[in-house]
Amino acid sequence: IRTHVRSEYFEAMHPHFTSGSGTFATMYRNDRFKLVVYHNEGLGELYDLEVDPWEFNDLWSDPAHADLKNRLILESFNNHVNMTTNVGSEQVAPM
């Protein structure tokens with residue numbers, strides 16, 4: 001069973017809303033929260049799926065959830081780096 005899911009979206013927002021450029025977005029979801037980040041736009045979405053499973057209450061701009069938002073952004077980033085970076089062969093001796 002997965003503990004989280006991460007997805008990438010190209011042209012996630014219509015170019016009308018991004019000065020003609022479109023945008024790249026990522027979605028990170030764990031067992032309770034869903035985070036969407038529209039990169040280089042300063043926009044996103046954050047939902048507590050336990051209390052809001054239909055995603056009606058966006059917590060992205062809520063100051064009370066700023067620490068949670070930052071933690072989830074870091075988790076998403078770490079997941080991306082760990083899944084896409086070849087760290088070479090397994091270390092066999094102490095450094």
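Below, all heavy atoms of this structure are taken into account, side chains as well, without hydrogens, waters or symmetry copies. Because the structure is a prediction, the values reported are computed rather than measured.
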Exercise. Examine V36 and I73 and state if one hydrophobic cluster contains both, with Ile, Leu, Val, Met, Phe, Trp and Tyr joined whenever side-chain heavy atoms are less than 4.5 Å apart.
Key: no

Quiz item: Got H4 and E75 here, is their nearest side-chain heavy-atom distance under 4.5 Å?
Solution: no

Self-check item: More than 12 heavy atoms of other groups within 6.0 Å of N40 CG
Solution: no

Quiz prompt | Closest approach of F33 to L72 (non-hydrogen atoms, all atoms of both residues) | solution = CB-CD1, 3.7 Å

Exercise. Answer yes or no: is there a donor N or O on one side and an acceptor on the other, between the side chain of N82 and the main chain of N78, under 3.5 Å?
Key: yes

Quiz prompt | D67 atom CG, neighbour heavy-atom count above 12 within 6.0 Å | solution = no

Quiz item: What are the two closest heavy atoms between W60 and K69, and how far apart are they?
Solution: O-NZ, 3.1 Å

Practice problem: Answer yes if L43 and L35 sit in the same cluster of Ile, Leu, Val, Met, Phe, Trp and Tyr residues linked by side chain heavy atoms under 4.5 Å apart, and no otherwise. | Solution: no

Quiz item: Passes side-chain contact (heavy atoms from CB on, under 4.5 Å), Y47 versus L59? Steps please.
Solution: CA-CA 6 Å; Y47 301 100; L59 304 171; over 6 Å; no

Quiz prompt | Over all atoms of both residues, closest heavy-atom pair of L68 and L46 | solution = CD2-CD2, 4.2 Å

Practice problem: Would you give the length of the straight line joining atom CD of E55 to atom CD of E45, rounded to the nearest 0.5 angstrom? | Solution: 7.5 Å

Exercise. To the nearest 0.5 angstrom, please state how far the CG atom of N30 sits from the OG1 atom of T3.
Key: 8.0 Å

Self-check item: Residue pair L49 / K34: nearest heavy atoms and the distance that separates them
Solution: CD1-CB, 3.9 Å

Quiz item: Any donor-acceptor pair under 3.5 Å linking the side chain of D48 with the backbone of D52?
Solution: no

